[in-house]
Asks: 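The structure's right below; bear with me while I get my questions together.
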Amino acid sequence: MLAYPSGVDVSSSALRFLTQQLRRHRRTIGSRWRRLSAGRQALLALAHLRVGHTYAQLAAGFGVGTTTAYRYVTEAVELLAALAPSLADAVRTASVKAFVILDGTLLPIDRIAADRPFCSGKHKKHGMNVQVIADPFGRLLWVSPTLPGAAHDIKAARTHGIIDALEEAGVECWADKGYRGANGTIRVPYWGRWETLSAGQQAVNRSHTKIRALVEQAMATLKTWRLLRKLRCSTTRITTLVQAILTLHLTCSN
């Protein structure tokens with residue numbers, strides 16, 4: 001395999017942060033020698049998350065074995081995932097905001113048609129459902145653990161306890177029609193065909209759509225990490241990957 005110099009569009013603060021975590025981890029476990037320094041291991045992990053390079057490509061570029069590349073990435077991802085904020089942390093942050101926006105998105109996965117639990121009828125593809133909470137400016141606050149793509153958004157929100165947590169904290173939340181029946185502090189548009197709605201209801205729905213559309217910025221931020229655009233790993237690892245990316249985003253954006 002040929003190797004060539006390339007670039008990764010990630011800030012230097014992300015590299016420094018991950019390098020510090022890896023150095024601390026190596027001291028904790030008493031690791032004396034590695035093929036790559038903590039900084040090079042951090043760069044390898046960021047290249048995997050941001051660009052989606054395979055382990056074989058990473059191994060060729062960094063001069064290590066494929067198994068070593070896998071172990072280095074897994075180690076870094078698990079360290080980052082352990083630092084990800086919980087739902088309670090996100091709700092505390094949201095409590096000082098005017099409101100938050102809730103929406104779900106599908107992370108495509110490489111699966112066959114027989115894997116029905118992972119098939120999303122809405123998107124007509126296989127994937128994993130994640131719930132995203134954004135602030136009034138469309139900035140990413142929290143991403144939920146993943147569920148099979150067949151899970152409806154309101155079911156996913158209830159499974160993760162999002163609705164109850166927002167209600168207990170008294171945080172107003174704007175969501176789309178997929179959360180109809182959630183109650184609590186969840187606000188959804190009026191239900192019905194457009195022509196059957198009154199002029200007032202149509203005006204409310206237009207305003208609601210303008211506010212809720214800001215969550216798309218958070219979705220776009222999440223998927224700038226190109227690994228999430230087509231996941232080819234085990235579905236049991238996807239939650240850890242998402243939490244690691246959330247940690248990097250929150251750490252580097254603050």
Asks: Counting only heavy atoms not in Lys155, do more than 12 fall under 6.0 Å of its NZ?
Replies: no

Asks: Is there a side-chain contact (heavy atoms from CB on, under 4.5 Å) between Arg232 and Ile109 once you walk through the steps?
Replies: CA-CA 6 Å; Arg232 293 178 173 83; Ile109 60 174; over 6 Å; no

Asks: What pair of heavy atoms forms the shortest contact from Ala14 to Cys252, and how long is it?
Replies: CB-SG, 3.1 Å

Asks: Are Tyr179 and Val204 connected, step by step, through hydrophobic side chains (Ile, Leu, Val, Met, Phe, Trp, Tyr) whose heavy atoms are closer than 4.5 Å?
Replies: no

Asks: Ignoring hydrogens and geometry, is there a side-chain-to-backbone donor-acceptor pair from Lys125 to Ser120 under 3.5 Å?
Replies: no

Asks: Could you tell me whether the side chain of Phe137 reaches within less than 4.5 Å of the side chain of Gln217, counting heavy atoms only?
Replies: no

Asks: If I compare all heavy atoms of Lys97 with all of Pro136, which pair ends up nearest, and what's the gap?
Replies: CB-CD, 4.2 Å

Asks: Does the Thr196 side chain pair with the main chain of Gly192, one donor and one acceptor, at a distance under 3.5 Å?
Replies: no

Asks: Grouping I, L, V, M, F, W and Y whenever their side-chain heavy atoms are under 4.5 Å apart, do Val51 and Val77 come out in a common cluster?
Replies: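 Yes, same cluster.
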
Asks: Going from OH on Tyr70 to CD on Glu75, what distance comes out if it is rounded to the nearest 0.5 angstrom?
Replies: 12.5 Å

Asks: Would you mind reporting whether Met128 and Thr235 have side-chain heavy atoms less than 4.5 Å apart?
Replies: yes

Asks: When Arg212 is tested against each of Val188, Leu102, Ile101 for side-chain contact (heavy atoms from CB on, under 4.5 Å), which residue passes?
Replies: Ile101

Asks: Please report the shortest heavy-atom distance between Ser11 and Ser13, naming the atom on each side.
Replies: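 In terms of heavy atoms, the two residues are closest at OG-OG, 2.8 Å.
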
Asks: Run the numbers on Ile211 and Phe99 for side-chain contact (heavy atoms from CB on, under 4.5 Å), then give the verdict.
Replies: CA-CA 10 Å; Ile211 295 173; Phe99 60 89; 3.6 Å; yes

Asks: Give a yes or no on whether the backbone of Ala81 and the side-chain of Thr247 come within a donor-acceptor separation of less than 3.5 Å.
Replies: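 Not at all, since once roles are kept as given, no pair shorter than 3.5 Å links the two residues.
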
Asks: Do Trp191 and Ile186 share a hydrophobic cluster, counting only Ile, Leu, Val, Met, Phe, Trp and Tyr and linking them when any side-chain heavy atoms are less than 4.5 Å apart?
Replies: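 Result: no, two separate clusters.
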
Asks: Scan side-chain atoms only and decide if Arg16 and Ser12 contain a donor-acceptor pair under the 3.5 Å cut-off.
Replies: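 Distance-only check passes for Arg16 and Ser12.
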
Asks: State, with a plain yes or no, whether a side-chain heavy atom of Val132 is found less than 4.5 Å away from one of Asp103.
Replies: no

Asks: Leu147, Val143: one ILVMFWY side-chain cluster at the under-4.5 Å cut-off?
Replies: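 Different clusters: Leu147 never reaches Val143 through Ile, Leu, Val, Met, Phe, Trp or Tyr contacts under 4.5 Å.
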
Asks: Examine distances only and state if a side-chain atom of Arg226 and a backbone atom of Leu49 form a donor-acceptor pair shorter than 3.5 Å.
Replies: no

Asks: Testing Val73, Leu58, Leu227 for side-chain contact (heavy atoms from CB on, under 4.5 Å) with His53, which one passes?
Replies: Leu58

Asks: Applying side-chain contact (heavy atoms from CB on, under 4.5 Å) to Leu228 and Val242, what does each step give before you reach the verdict?
Replies: CA-CA 8 Å; Leu228 299 183; Val242 171; 4.2 Å; yes

Asks: What is the distance from atom OH of Tyr72 to atom CG of Leu22, rounded to the nearest 0.5 Å?
Replies: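 Rounded to the nearest 0.5 Å, the OH-CG separation comes out at 10.0 Å.
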
Asks: Can a donor-acceptor pair be found, under 3.5 Å and without considering hydrogens, that links the side chain of Gln201 to the backbone of Ser198?
Replies: yes

Asks: Would the distance check show the side chain of Thr224 and the main-chain N or O of Thr221 forming a donor-acceptor pair, the cut-off being under 3.5 Å?
Replies: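 Yes, the answer is positive, given that a donor and an acceptor are paired below the 3.5 Å cut-off.
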
Asks: To the nearest 0.5 angstrom, please state how far the CG atom of Leu250 sits from the CG atom of Leu141.
Replies: 8.0 Å

Asks: Applying side-chain contact (heavy atoms from CB on, under 4.5 Å) to Asp110 and Leu231, what does each step give before you reach the verdict?
Replies: CA-CA 6 Å; Asp110 186 16; Leu231 289 154; over 6 Å; no

Asks: Identify the heavy atoms of Ala45 and Leu18 that sit nearest to each other, and give their distance.
Replies: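 That would be CB-CD2, 4.0 Å.
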
Asks: Within the structure provided, determine whether Leu214 and Arg139 are in side-chain contact (heavy-atom separation under 4.5 Å).
Replies: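 The answer is no, as the side chains (C-beta and beyond) never meet within the 4.5 Å cut-off.
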
Asks: Check for a donor-acceptor pair, side chain of Gln202 on one end and backbone N or O of Trp194 on the other, with a separation under 3.5 Å.
Replies: yes

Asks: Give the intermediate values and the outcome of salt bridge (Lys or Arg N to Asp or Glu O under 4.0 Å) for residues Arg158 and Asp153.
Replies: CA-CA 9 Å; Arg158 286 171 173 161; Asp153 281 342; over 6 Å; no

Asks: Does a donor on one side chain and an acceptor on the other come within less than 3.5 Å for Arg34 and Ser37?
Replies: no

Asks: Give a yes or no on this: more than 12 heavy atoms of other residues, nucleotides or ligands lie within 6.0 Å of atom CZ of Phe17.
Replies: yes

Asks: Regarding Gln57 and Thr54, is there a side-chain donor-to-acceptor distance under 3.5 Å anywhere?
Replies: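 Present: a donor and an acceptor within the cut-off.
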
Asks: Within the distance-only criterion (no hydrogens, no angle test), does the side chain of His208 pair as donor or acceptor with the backbone N or O of Arg187 below 3.5 angstrom?
Replies: yes

Asks: Establish, from distance only, whether the side-chain atoms of Gln41 and Arg23 form a donor-acceptor pair under 3.5 Å.
Replies: no

Asks: Does the side chain of Thr74 reach to within under 4.5 Å of the side chain of Arg237, using non-hydrogen atoms?
Replies: yes

Asks: Could you tell me whether a side-chain N or O of Thr239 sits under 3.5 Å from a main-chain N or O of Thr146, the two making a donor and an acceptor?
Replies: yes

Asks: Find the distance between NZ (Lys124) and CG (Leu106) and round it off to the nearest 0.5 Å.
Replies: 12.5 Å

Asks: Might you point out which heavy atoms bring Ala156 and Asn129 nearest each other, and give the distance in Å?
Replies: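 The pair with the smallest heavy-atom distance is CB-OD1, 3.6 Å.
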
Asks: Would you indicate whether Arg229, at its atom CZ, is surrounded by more than 12 heavy atoms from other residues, nucleotides or ligands within a distance under 6.0 Å?
Replies: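 Yes, because the 6.0 Å sphere around CZ of Arg229 holds more than 12 heavy atoms from other groups.
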
Asks: Testing the basics here: between Cys233 and Ile238, what is the closest heavy-atom pair and its distance to 0.1 Å?
Replies: SG-CG1, 3.9 Å

Asks: Main chain of Ser86, side chain of Asp89: is a donor-acceptor contact present, judged purely on distance under 3.5 Å?
Replies: yes

Asks: Which distance, rounded to the nearest 0.5 Å, do you find between the CD of Gln131 and the CD1 of Ile163?
Replies: 9.0 Å

Asks: What distance separates Trp142 CH2 from Thr93 OG1, expressed to the nearest 0.5 Å?
Replies: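 One finds 12.5 Å between CH2 of Trp142 and OG1 of Thr93.
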
